[in-house]
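Working notes for the structure below.
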Amino acid sequence: MVIKTDELPAAAPADSSREPNSQAGGKGRPGAAELPSVMLLNGDCPESLKKEERATELPRENGLDDTEPGEETTGQEVIVIQDTGFSVKILAPGIEPFSLQVSPQEMVQEIHQVLMDREDTCHRTCFSLHLDGNMLDHFSELRSVEGLQEGSMLRVVEEPYTVREARIHVRHVRDLLKSLDPSDAFNGVDCNSLSFLSVFTDGDLGDSGKRKKGLEMDPIDCTPPEYILPGSRERPLCPLQPQNRDWKPLQCLKVLTMSGWNPPPGNRKMHGDLMYLFVITAEDRQVSITASTRGFYLNQSTAYHFNPKPASPRFLSHSLVELLNQISPTFKKNFAVLQKKRVQRHPFERIATPFQVYSWTAPQAEHAMDCVRAEDAYTSRLGYEEHIPGQTRDWNEELQTTRELPRKNLPERLLRERAIFKVHSDFTAAATRGAMAVIDGNVMAINPSEETKMQMFIWNNIFFSLGFDVRDHYKDFGGDVAAYVAPANDLNGVRTYNAVDVEGLYTLGTVVVDYRGYRVTAQSIIPGILERDQEQSVIYGSIDFGKTVVSHPRYLELLERTSRPLKILRHRVLNDRDEEVELCSSVECKGIIGNDGRHYILDLLRTFPPDLNFLPVSGERLPEECIRAGFPRTHRHKLCCLRQELVDAFVEHRYLLFMKLAALQLMQQKASKIENLTTLENGSLPSSESKSEDPLGSEAGSEEEGSSASGLAKVKELAETIASDDGTDPRSREVIRNACKAVGSISSTAFDVRFNPDIFSPGVRFPESCQEEVRDQKQLLKDAAAFLLSCQIPGLVKDCTDHVVLPMDGATLSEVMRQRGINMRYLGKVLDLVLRSPARDQLDHIYKIGIGELITRSAKHIFKTYLQGVELSGLSAAISHFLNCFLSSYPNPVAHLPADELVSKKRNRKRRNRPPGAADNTAWAVMTPQELWKNICQEAKNYFDFSLECETVDQAVETYGLQKITLLREISLKTGIQILLKEYSFDNRHKPAFTEEDVLNIFPVVKHVNPKASDAFHFFQSGQAKVQQGFLKEGCELINEALNLFNNVYGAMHVEICACLRLLARLHYIMGDYAEALSNQQKAVLMSERVMGIEHPNTIQEYMHLALYCFASSQLSTALSLLYRARYLTLLVFGEDHPEMALLDNNIGLVLHGVMEYDLSLRFLENALAVSTKYHGPKSLKVALSHHLVARVYESKAEFRSALQHEKEGYTIYKTQLGEDHEKTKESSEYLKCLTQQAVALQRTMNEIYRNGSSANIPPLKFTAPSMASVLEQLNVINGILFIPLSQKDLENLKAEVARRHQLQEASKNKDKAEEPMATEPEPAGAPDDVASQSQAAKDPPFPSLQG
């Protein structure tokens, strides 16, 4: 039986940099919407899920009752998805018939797509499929086609062209010609993105495995480039994007473009001419082509003379490709080669991603003529309107209709989630494009007479507004700064309400785009809102921050349904006429009924309660913990709110406290009923909040993070105690009431903590009758602010110290903070705590990442306002000047003003109505490095309350151990800059590092909603739970099922699919199916590169896993080049001094040891030893293992003295940590004996030689080259994979035991999921009962276990 340690909650950090999730399922927990799903790997069930079903806690939303997610998805519904496929024969003109595998729920259209992609039929676009002479409808499902069955013959019939079909055909031919060209990925268009895996694996891994069956050791060149070796100081940029051989495109044509003779004149139109094309072939022949209803032919027009008559050869072809094949031999040859290459690429290299990923570097590219690109730029083609009747899309209608789709059973839910996801990704693409057009000045404002900041825009049915304080709306909240933050808060609100998904309540499609220093909010338009005045249309909420407030019973009813999961308190406020108005949201949340009769809510910027640490209120005193940490601090705006994750963690923490208090008293009661009553009357119950938190204070952090399985078991016991007292006994009711009061619950009979989001909101007044409730709410907010400082931040630092989470760059650090509900404005506080931590050295990497993040975020704030003053013509000069001031050691860079190149006669005509930011202002040119760094330090102090000690970039690098290349990457990703791929000499003091030619582009940075696939997610979690219980096969089946469902909802590319594939690969590897493991992991790497970025920390992880599976499949050189790639990326993203580097170098060292490159191997292993010692402490088991690995290499080199020295170190650690009798200690002592014997034998031989000179007769020395199996075994150990030998009998016992317990549980129908899934500890063979009891402590997934 096999268990992987990695899946255990206390996991070895083999996977932990993806950090064990503190996030919950897509259902029931809105916060999940913002967390990328990469963190799902370490099967431990997130704390936050455990009480999802607890009766007192949030009920299941989604309108489902409390059934477990799995229950209604077993049985028939699953079968629907696994409908068996069948094959049909396709007969296309000009080629042999071929068969095609299809599935019943595919649409006919999908067969069209397949044919347009196949090498031999890709040149056709305008055709229909016929079965027995009847044409099949494009949009019908295959199962609804009569007579279609296994072996049916489908005939491809060419259809006459229309203008639309002809355009689609030309666009498709252009796409085929450009299919290997990466320029779309570099330019960030059409959801293309980069992938470099194939450069390192030489094509597909599956085939190479068959070729390299024998272990050919000789041809492997293992020496890595100099910059990858441990200790190297250089960090080159060029290897980030190695040149791909396939990118040198084969030229098929020189030019393919629309002719200037378009559109055809009337008389030609009546002859069937649709449009004209102009082509220059590779042989330099210029031809003019007519696209007619019947196909394509050459005409006699030239550039200056129109003659539509056919030219010779008079060849009419239905496909443009066939025509070009006729007239250009080069085209014929190269096009065939190109298509062969295109089809050989892995599909994941070419499928579009759901959201655009931008690359921050790009090589110098040739700009080639491209008719389709040119046409796209000047038409409002968005989301492929030309394929949709009616041209522009009604985004609002699409977004809302998809929400209204039925969701009673699995197939319906899949259809609904798929539709929601698709519309969201299309809307995000459209909104991004529109926002860029707005800032670039290409869209006319709807209020053109107002000044630029005030303007609003409508384009393609999307409403755009700029992040400025229009008409002093945010005057009391911080003006422009508040107006800049509000859209992001509003987006968080939209995410949250979308995730709760209440039927009948609608939100707007919302996307926030930061581009060129401006923040643009894009929203779908409520039908009818533009015709009415806002005052008339708002029937719920307030348009002036609480002076006039209205309410509406239907809105109260709808919002009441969201109040439980969102922990929002229904409350009353006073309006300007002193009348009480009841609300169930913050006052700014507005309700508008659209002309379509739907109830919309908007302006959700204060969905969550305010953060009092950053909101000083006169006359209110914060708890001690906050005052000690220097709070409250005045922030730039008054819209600071707590994150949803924090609210959830706080309520969770209160729940544990509530259980403890109640149970303590109940137990006291049982012990002495009389005494207890008197003490209660004397108020001995700790009533002040801070006191009641103290007993928890010390454990709270760990409790919170879920390392407290025992704590939870206790709480479970308590819950049962309380449940058994069914509340009939008045004394136990009293106990519950007291406990409720102590934890601030709003109900006195059950635990229910909620927040009033309007507390401390300027301008909001509460009625007299509610003063007590308001006082309690104020106290609750203070406690939450204190909880963030006393529990969450220390908990985060503790997790970092224990390497439970391993952030590697700014983005992963932010992610870790946000998952614990810590806002980025607390970054300074986190760093302070790291500095004061006793384990300061083990947190070195966190400190470096934190400082880098602090510096680049401060620089980003400055860069934003800096860019607003730059006009378009000076953009590249301004950005390169900023980068020089920020990163170059050159002391006084000079900015080149844009007017240098051209002389203009009429210079000084001022235009009034410019696109935003077209100021004639060159203030940016006078910035100096000294001034910029002074501002950065000031910004860090003001915003993050952290004092940086550096006046120049070189001091910063020196003081904090940062890398300039890492800072360049971070600032580029945060601001959307794209720079030229070349080596920059940052440290040159004689010339600036950047010139304006080095800045290639500036991209938008986009925030949007991420709709989730909830059913798939539940399958995934159940699969993880199964795996933890040791049921690998069943786990594997569930995860495969999850993969199907994910594909169904998201399409082929998504971060969650990436996590799924990684886990599948791991499972197949453990079960010994290396080929399957390789193929899944290869997909995971490709997907991570495409969806998260080629140097994202997640991608680095995926490369490491893939290398392990390659090694196991005897592809040694591939394994090495993958590991070298991972090491290079880690060096670029962070540097050498990271705990993850120890694992990486151990992997590299082991593989090199395996191929007998001993000296090289030692360099990596000794570096790993140094890093492990630093981050895990010299006494850790990881260090012992490291010593052992080094000793083995020395043994292979026959340097026994060094080997003995290292093995002794390891032995000492094992002895002190595990004791004499542990099997590790024994193994080590055996190995020491063996080394000593070898050393003695060697010495004897040497003495013999000295004595007898050359005539000595020497027994040949046995130097053992390591066997591949032993190397693989060590690789598995360091990567956290354990194979546990259990006999067949043990296995049977284990399964029987689990089944028995399962029945017991079924019987008691105990649906409480408050248990943490503990994992089966890797146990030595034997003791099957122990294993069984442990594996059963794991959460029982909501599935009858499918034991084989």
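Numbers here are sequence positions counted from 1. What's counted below: heavy atoms across the whole structure, side chains too, no hydrogens, waters or symmetry copies.
- Between the CG atom in Asp480 and the CZ atom in Arg519 there is a gap of 12.5 Å [rounded to 0.5 Å].
- Looking at Glu398 and Lys422, no side-chain N of the basic residue comes within less than 4.0 Å of a carboxylate O on the acidic one, giving no salt bridge.
- Panel note: side chain Ser524, backbone Gly509; a donor-acceptor pair is recorded below 3.5 Å.
- Side chain of Trp924 to backbone of Leu875: no donor-acceptor contact under 3.5 angstrom is found.
- Legend: residues meeting side chain to side chain donor-acceptor pair (under 3.5 Å) with Asp490, ordered by chain and number and at least two apart, are absent.
- Using a distance-only test at 3.5 Å, with no hydrogens or angles considered, a donor-acceptor pair links the side chain of Glu417 to the main chain of Ser1014.
- Under the ring-ring contact (aromatic ring centres under 6.0 Å, His included) criterion, Tyr866 pairs with Phe882, sequence neighbours left out.
- Asp998 and Ser880 share no side-chain donor-acceptor pair at under 3.5 Å.
- Interatomic distance, Asn447 CG to Met456 CE, rounded to the nearest 0.5 Å: 4.5 Å.
- In this structure, the side chain to side chain donor-acceptor pair (under 3.5 Å) partners of Gln400, at least two apart in sequence or on a different chain, are Asn396.
- Of all non-hydrogen atoms in Leu180 and Arg342, the two that sit nearest each other are CD2-CA, 4.2 Å.
- At least one side-chain heavy atom of Pro1004 sits less than 4.5 Å from a side-chain heavy atom of Tyr358.
- Note on Asp469 versus Lys453: no salt bridge recorded, every NZ/NE/NH1/NH2 to OD/OE distance being 4.0 Å or above.
- The shortest heavy-atom contact between Tyr161 and Cys126 is CE2-CB, 3.5 Å.
- Formation of a donor-acceptor pair under 3.5 Å by the Arg345 side chain with backbone atoms of Ser179 is found in this model.
- For Val1005 against Leu973, the heavy-atom pair with the smallest separation is CG2-O, 4.1 Å.
- When all heavy atoms of Pro363 and Leu1000 are compared, the closest pair comes out as O-CD1, 4.2 Å.
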What verdict does the side-chain contact (heavy atoms from CB on, under 4.5 Å) test give for Leu240 and Arg969, after you've listed the backbone C-alpha separation in whole Å, the side-chain angles of each residue and the deciding distance to 0.1 Å?
CA-CA 11 Å; Leu240 178 61; Arg969 170 180 180 262; over 6 Å; no

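- Put simply, the side chain of Leu274 does not reach to within 4.5 Å of the side chain of Thr162, judged on heavy atoms.
- Under the 4.0 Å criterion applied to side-chain N and carboxylate O atoms, Arg598 and Glu397 are assigned as salt-bridge partners.
- Under the 3.5 Å distance criterion, the side-chain polar atoms of Thr510 are matched with a main-chain donor or acceptor of Leu508.
- Counting heavy atoms from C-beta on, the side chains of Leu466 and Val520 come closer than 4.5 Å.
- Ring centroid separation for the pair His1054 and Phe421 comes in under the 6.0 Å cut-off.
- Electrostatic pairing of Asp117 and Arg350 counts as a salt bridge here, judged by a charged N lying under 4.0 Å from a carboxylate O.
- Contact check for Gln356 versus Cys191: side-chain heavy atoms found under the 4.5 Å cut-off.
- Side-chain contact between Ile592 and Ser537 is present, with at least one heavy-atom pair separated by less than 4.5 Å.
- For the side-chain contact (heavy atoms from CB on, under 4.5 Å) with Phe886, the lone residue among Ile862, Ile971, Leu968 that qualifies is Ile971.
- In this structure, Lys974 is not positioned above the aromatic face of Phe863 in the sense of NZ or CZ being under 6.0 Å from the six-membered ring centre and within 45° of the axis.
- Proximity of Trp360 to Ile977: side-chain heavy atoms (C-beta onward) are nowhere separated by under 4.5 Å.
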What's the verdict on side-chain contact (heavy atoms from CB on, under 4.5 Å) for Met454 and Arg471, showing C-alpha distance, side-chain angles and the deciding distance?
CA-CA 8 Å; Met454 316 273 274; Arg471 304 195 184 83; 4.1 Å; yes

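- Checked against side chain to side chain contact (heavy atoms under 4.5 Å, CB included), Ser1088 has the following partners two or more places apart in sequence or in another chain: Cys1058, Met1092, Asn1098, Thr1099, Glu1102.
- In this structure, the ring of His424 has its center no less than 6.0 angstrom from the ring center of His1008.
- Expressed to the nearest 0.5 Å, how far CD1 of Ile1057 lies from CZ of Phe1046 amounts to 7.5 Å.
- When all heavy atoms of Tyr600 and Pro527 are compared, the pair lying nearest together is OH-CD, 3.7 Å.
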Between Asp501 and Arg416, does a salt bridge (Lys or Arg N to Asp or Glu O under 4.0 Å) hold up when you go through it step by step?
CA-CA 12 Å; Asp501 210 1; Arg416 174 176 184 265; 3.0 Å; yes

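- Judged by distance alone, with hydrogens and angles left aside, the side-chain atoms of Tyr518 form no donor-acceptor pair with the main-chain N or O of Gly467 at under 3.5 Å.
- Taken from CZ in Phe464 to CD1 in Ile439, the straight-line distance is 10.0 Å, to the nearest 0.5 Å.
- In this structure, Asp440 pairs ionically with Arg516, as a charged nitrogen and a carboxylate oxygen lie closer than 4.0 Å.
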Might you work through the side-chain contact (heavy atoms from CB on, under 4.5 Å) test for Glu1089 and His1096, ending with a clear yes or no?
CA-CA 8 Å; Glu1089 286 192 308; His1096 189 282; over 6 Å; no

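- For Tyr506, the side chain to side chain donor-acceptor pair (under 3.5 Å) criterion is met by Glu404, not counting sequence neighbours.
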side-chain hydrogen bond (donor to acceptor under 3.5 Å, both in side chains) between Arg495 and Asn492, intermediate numbers included
CA-CA 5 Å; Arg495 266 182 193 140; Asn492 280 337; 2.8 Å; yes

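- One finds no salt bridge joining Asp190 and Lys178 here, because no Lys/Arg side-chain nitrogen approaches an Asp/Glu carboxylate oxygen to under 4.0 Å.
- Separation of atoms CD1 (Ile879) and CZ (Phe994) is listed at 11.5 Å; rounding is to 0.5 Å.
- For the pair Arg857/Ser814, a side-chain contact is recorded, criterion being any heavy-atom separation below 4.5 Å from C-beta on.
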Taking it one step at a time, do Ser259 and Asn262 satisfy side-chain hydrogen bond (donor to acceptor under 3.5 Å, both in side chains)?
CA-CA 6 Å; Ser259 156; Asn262 280 321; 5.2 Å; no

Could you walk me through whether Gln978 and Ile1002 pass the side-chain contact (heavy atoms from CB on, under 4.5 Å) test, one step at a time?
CA-CA 6 Å; Gln978 186 185 52; Ile1002 184 159; over 6 Å; no

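- For Arg1090, the side chain to side chain donor-acceptor pair (under 3.5 Å) partners are Ser193, not counting sequence neighbours.
- In this structure, Thr507 OG1 and Leu399 CG are separated by 8.0 Å, a value rounded to the nearest 0.5 Å.
- In the model, Glu871 has a side-chain atom that pairs as donor or acceptor with a side-chain atom of Ser873 under 3.5 Å.
- Contact of the Leu194 side chain with the Gln241 side chain is registered, since non-hydrogen atoms from C-beta on lie closer than 4.5 Å.
- Remark: the backbone N or O of Leu639 is paired with a side-chain donor or acceptor of Asn489 at under 3.5 angstrom.
- The nearest pair of heavy atoms linking Gly517 to Leu867 is N-CD1, 3.8 Å.
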